Amino acid sequence: MRIIISYWFVPISVAWLLASGSAFQTTNCRSSSGRQRTIALQLIKFQHCHDRRGRSSRSLSSSMNPLYGRLPTDAAVVAHNEDYLIGTIGFSQEKLRRNTTRKILTLENGVLEERVNWLKRRLHLKRNEINKMIQSQPGILGQRSDVALTPKLDYLKTRLVLDEKSLRKIILGAPFILGSSTQESVVPKLDYLQKKLLLDEASLRKIILVAPNTLGFSIEGSIEPKLDWLQDRLLLDEEKLAKVIMRFPTILQYSIDDNIKPKLDWLEQRLDLDDMAVSKIVRQFPTILGLSIPNKLEPTLAWLQQRLSLTDRELSNLMQKIPALFGYSVDTNIEPTLNFFIEALGDEDRALALLVRSPDLFSKSLEKRLKPRLEEAKNAGLVIDAACLKRIGKYAEKKWLTSLHYQTRQLARQY
């Protein structure tokens, strides 16, 4: 005999079974309670199967239905999702307890996996990349791909004229973008930057590609005050401000009080500079604001001053001539270049004097320019003096070849 349970009867039956302490009473209360719970779960499963066949509006996924309360099925869903996040995505127990994570734990079985796989396919992500993204922004998995994520990605791709590789780079660098409102957060920031810095689409794209976390800062609370402060402190008009930001967009992500201001103050004091001189150095080499004072800037100055036997004023003049020296590696660039000129001239004092007068020679490639041209000059029989080395270092290729030909002819006439 088949027993037919009306669909409308299920929730009422479940509620009655869970609430009634007298249902299915036996002499063994604990056993009765277990049977009561088992029957309730069977009725719930019946309803869930019925819903999946055609009446999803009354699905069991609504775990807080007042008739149900929080039922064991919810615990099973949560347990499944926790196992997935821990075992596959690499979540810790601590991260699971955070509010942003708890919100996605009640999603139906398979939803998290489906959304993770969609993101992997859409952004061409490796396993470690998607795991890192979800660990930092678990709320992304609370959004449907068709309703929320696809429009956000399409907007960025269109607005910034991005290919798939560039879009992937931006999202990996700033995954919070997928959790931000496009119209209320992303659009206003892009509009502000473009207008404030007089940017075309290509320039705006470059800034966001290099410093995507800029989109996580408030316009009024961070971006605007920072640009205004830089413009005032460095005596910049809008065009010069735009050039500084374009050359080093990461400035937009730095703190004025913790990073930018201390470096400018140190630079001014260490090299005895006025505001205009500081401004000129930053305009020529804005990357200086990304370098550490104790780990990079000060050690470089100390080495140059000691090795080149410079006074404080000579050191200041040297760095004002070529601020990029702040960014050069002593071990792999400055010292090998110095040794090249010492060996080429055969006199350390003359080599030091040449480099102090023309510090831009430090910027020339040893392997691609200095060494090959020195070999050419020697093969042509030229005298290797300071003037010859300056031509070797400073002339563009066409001018160097013309000079080499001229010097060779002059030498031939002498014989």
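Computed from a prediction, not measured in an experiment: that's the story for all the values here.
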Any donor-acceptor N/O pair, Lys206 side chain to Met246 backbone, under 3.5 Å: yes
Criterion side-chain contact (heavy atoms from CB on, under 4.5 Å) on Leu119 and Ile134, from CA distance to verdict: CA-CA 10 Å; Leu119 282 167; Ile134 300 306; 4.1 Å; yes
Any Leu318 side-chain heavy atom under 4.5 Å of Leu308 side chain: yes
Donor-acceptor pair, side chain of Gln135 and main chain of Ile89, under 3.5 angstrom: yes
Side chain to side chain, Leu215 and Ser185, heavy atoms closer than 4.5 Å: no
Gap separating the CD1 atom of Ile342 from the CG atom of Leu352, nearest 0.5 angstrom: 5.5 Å
Ionic contact status for Lys371 with Glu367, cut-off 4.0 Å: yes
Closest contact, heavy atoms only, Pro151 versus Asp146: CD-O, 3.7 Å
Side-chain donor or acceptor of Lys196 paired with backbone N/O of Ile223 under 3.5 Å: no
Residues His80, Glu113; criterion side chain to side chain donor-acceptor pair (under 3.5 Å); working and verdict: CA-CA 11 Å; His80 170 83; Glu113 292 91 328; 3.0 Å; yes
Interatomic spacing from CG in Asn117 to OG in Ser145 - rounded to 0.5 Å: 11.0 Å
Plane angle bin for Tyr254 and Phe248 - parallel if under 30°, tilted between 30 and 60°, otherwise perpendicular: tilted
Check: Gln143 side chain, Leu178 main-chain N or O, donor-acceptor pair, under 3.5 Å: yes
Salt bridge (Lys or Arg N to Asp or Glu O under 4.0 Å) partner of Asp360, chosen from Lys390, Lys321, Lys394: Lys394
Pro138 vs Phe91 side-chain heavy atoms within contact, under 4.5 Å: yes
Charged N-O contact under 4.0 Å between Arg313 and Asp272: yes
Check: Glu201 and Arg159 side chains under 4.5 Å, non-hydrogen atoms: yes
Minimum heavy-atom distance Leu404-Leu382, with the two atoms named: CD1-CD1, 3.7 Å
Shortest non-hydrogen contact from Gln194 toward Asp200: NE2-C, 3.9 Å
Check: Arg97 main-chain N/O paired with Thr101 side-chain donor or acceptor under 3.5 Å: no
Stepwise side-chain contact (heavy atoms from CB on, under 4.5 Å) test for Tyr328 and Thr337: CA-CA 11 Å; Tyr328 293 170; Thr337 301; over 6 Å; no
Distance-only side-chain donor-acceptor flag, Asn259 / Lys263, under 3.5 Å: yes
Donor + acceptor pair across side chains of Gln305, Asp312 (<3.5 Å): yes
Side-chain heavy atoms of Arg144 within contact of Thr150, under 4.5 Å: no
Which atom of Phe326 lies closest to which atom of Lys296, heavy atoms considered: O-CE, 2.9 Å
Distance in Å, Trp229 CH2 paired with Leu234 CG, rounded so as to fall on 0.5 Å steps: 6.5 Å
Electrostatic pair Asp265-Lys261, nearest N-O below 4.0 angstrom: yes
Spacing of CG belonging to Leu297 relative to CG belonging to Leu289, to within rounding of 0.5 Å: 9.5 Å
Between His124 and Glu129: side-chain donor-acceptor atoms closer than 3.5 Å: no
Residue pair Glu335 / Trp303, side-chain donor-acceptor N/O under 3.5 Å: no
Evaluation steps, salt bridge (Lys or Arg N to Asp or Glu O under 4.0 Å), between Lys243 and Glu238: CA-CA 9 Å; Lys243 287 181 179 179; Glu238 291 186 349; over 6 Å; no
Within 6.0 angstrom of Lys132 NZ, more than 12 heavy atoms from elsewhere: no
side-chain contact (heavy atoms from CB on, under 4.5 Å) assessment of Leu160 paired with Ile170: CA-CA 11 Å; Leu160 298 176; Ile170 287 176; 4.1 Å; yes
Atom pair NZ (Lys152) and CD1 (Ile177), whose distance is rounded to the nearest 0.5 Å: 10.0 Å
Heavy-atom check, side chain of Val278 versus side chain of Leu271, under 4.5 Å: no
Any donor-acceptor pair under 3.5 Å from Lys226 side chain to Leu252 backbone: yes
Check: Leu85 main-chain N/O paired with Thr88 side-chain donor or acceptor under 3.5 Å: no
Check: Asp275 main-chain N/O paired with Ser279 side-chain donor or acceptor under 3.5 Å: no
NZ or CZ of Lys399 within 45° of Tyr395 ring axis and under 6.0 Å: yes
Main-chain N/O of Leu361 paired to Ser358 side chain as donor or acceptor, under 3.5 Å: no
Lys364 atom NZ, neighbour heavy-atom count above 12 within 6.0 Å: yes
Whether Arg122 side chain and Leu149 backbone form a donor-acceptor pair below 3.5 Å: no
Heavy-atom side-chain contact between Lys378 and Ile384 under 4.5 Å: yes
Step-by-step side-chain contact (heavy atoms from CB on, under 4.5 Å) determination, Thr214 to Lys189: CA-CA 9 Å; Thr214 301; Lys189 290 166 188 174; over 6 Å; no
Any side-chain heavy-atom pair of Leu325 and Phe285 under 4.5 Å: no
Smallest separation among heavy atoms of Ser181 and Glu184, with atom names: OG-N, 3.1 Å
Heavy atoms of other groups near Glu164 CD, more than 12 under 6.0 Å: yes
Salt-bridge criterion met for Glu397 and Arg373 (N-O under 4.0 Å): yes
Minimum-distance pair of heavy atoms, taken over all atoms of Ile219 and Pro188: CD1-O, 3.6 Å
Spatial distance of atom NZ (Lys103) from atom CG (Leu141) [nearest 0.5 Å]: 13.5 Å
